[in-house]
A.B. asks: 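Attaching a single structure in structure tokens format; questions to follow.
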Amino acid sequence: MKKAFKRIIPALFAVAAVYLIFLGTMMELRAHAELEKARLSIKHGDLDSGNRHYFQALNWYAPWGSSQRAADELMSLAKENMRHGFKQEAYQSLLRLRGGLLAARSFYVPRMDLIESANSLISLYLAEIRLGPGASHEAITARAQEYLQLYSVEKLPRQSWYFFAVLGFFLWVVAGFWVIYAIYGPTRANGLRMRLKMARIPMAIFVYGYALWIVGMSVA
């Protein structure tokens with residue numbers, strides 16, 4: 001039993017590593033494809049399509065690679081439109097940027113620098129629209145601060161539960177491979193009852209991880 005257990009641990013780490021590499025590669029390929037579509041759309045003057053593809057690239061968010069470039073380019077696009085006076089167009093890009101990054105949050109919020117910049121620009125734009133062109137700078141600034149408080153990421157509830165959701169998902173996946181290995185691995189010569197008995201611990205972790213994942217996603 002101890003020998004089998006010692007063989008299981010390296011196998012689990014190997015399977016987990018292969019899975020993470022596969023997942024990371026797939027996410028990067030999808031994000032890169034969407035990034036290229038966004039660039040092509042912007043090049044042809046189709047801002048709506050460009051915003052949409054940038055947003056879809058952020059849906060494949062990773063702490064590296066194409067999704068990061070998509071976030072930076074979307075902010076640059078918004079600021080460029082803002083400088084040229086196309087504030088409505090900039091507003092749409094900022095909403096896509098903010099929505100994409102917040103959708104990618106788990107036990108942490110990615111690219112807080114971009115989210116805070118987007119919040120400030122969105123709040124200022126909404127204040128200008130609300131108060132009209134005749135409003136004073138002081139009035140617009142005060143109203144923008146009110147909107148900024150509403151857009152504050154820090155007020156997002158139960159964010160710590162995302163950590164438990166991610167942890168539960170990881171336990172669920174790893175335990176699933178563990179169960180398969182325990183039943184169909186080197187011990188498959190034993191009877192089914194014996195193999196199920198040996199797999200009772202990973203089965204328990206499998207159920208616990210799945211439950212933790214569902215609860216974490218529901219509460220968060």
Side-chain angles (χ1 to χ4, degrees), residues 1-34 55-68 70-71 97-116 151-220:
M1 180 68 179
K2 289 184 178 180
K3 280 187 175 182
F5 186 76
K6 288 181 179 180
R7 289 195 300 267
I8 288 173
I9 297 302
L12 288 177
F13 277 107
V15 169
V18 170
Y19 173 76
L20 291 175
I21 292 172
F22 167 77
L23 182 62
T25 302
M26 182 192 70
M27 292 175 66
E28 171 58 24
L29 291 175
R30 295 290 181 86
H32 181 73
E34 293 296 337
F55 177 79
Q56 289 171 350
L58 292 177
N59 288 339
W60 299 102
Y61 183 85
W64 62 84
S66 297
S67 60
Q68 294 290 321
L97 174 64
R98 183 179 186 276
L101 290 176
L102 290 182
R105 69 186 185 269
S106 54
F107 53 89
Y108 78 104
V109 180
R111 298 304 302 269
M112 280 294 297
D113 57 326
L114 293 183
I115 292 177
E116 289 175 354
Y151 275 91
S152 175
V153 176
E154 295 179 358
K155 296 183 180 298
L156 291 171
R158 305 178 187 271
Q159 187 172 322
S160 61
W161 276 96
Y162 282 104
F163 171 78
F164 294 105
V166 173
L167 176 62
F169 179 77
F170 178 77
L171 291 176
W172 178 54
V173 171
V174 172
F177 286 114
W178 190 356
V179 169
I180 295 172
Y181 183 85
I183 296 177
Y184 299 103
T187 60
R188 61 182 178 274
N190 297 330
L192 179 60
R193 181 175 297 180
M194 177 61 69
R195 283 182 284 156
L196 290 175
K197 183 178 180 181
M198 294 174 63
R200 65 184 184 278
I201 293 178
M203 284 180 176
I205 297 175
F206 180 87
V207 173
Y208 174 78
Y210 181 77
L212 186 61
W213 176 38
I214 296 300
V215 171
M217 292 296 292
S218 301
V219 175

A.B. asks: Please table the atom pairs, donor to acceptor, closer than 3.5 Å between any side-chain atom in residues 207-215 and protein atoms at least two apart or in another chain.
C.D. replies:
none

A.B. asks: Should L101 and V109 be marked as a side-chain contact (heavy atoms from CB on, under 4.5 Å) after you check the CA-CA gap, both sets of side-chain angles, and the distance that decides it?
C.D. replies: CA-CA 8 Å; L101 290 176; V109 180; over 6 Å; no

A.B. asks: Which heavy atom in L114 sits nearest to a heavy atom in A71, and how many Å separate them?
C.D. replies: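 So the two residues come closest at CD1-CB, 3.6 Å.
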
A.B. asks: Measuring from atom CH2 of W60 to atom CG of L29, what distance do you get when rounded to the nearest 0.5 angstrom?
C.D. replies: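 Between atom CH2 of W60 and atom CG of L29 there are 10.5 Å.
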
A.B. asks: Roughly how far apart are S67 OG and E28 CD, rounded to 0.5 Å?
C.D. replies: 7.0 Å

A.B. asks: Do Q68 and R111 pair up side chain to side chain, a donor and an acceptor below 3.5 Å, judged on atom types alone?
C.D. replies: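 Their side chains do contain a donor-acceptor pair, which is all the 3.5 Å distance test asks for.
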
A.B. asks: So, applying side chain to side chain contact (heavy atoms under 4.5 Å, CB included) with W178, which one of V173, L171, I205 is it?
C.D. replies: I205

A.B. asks: Using a 6.0 Å cut-off, check whether atom CD1 of I201 has over 12 heavy atoms from anything other than its own residue.
C.D. replies: no

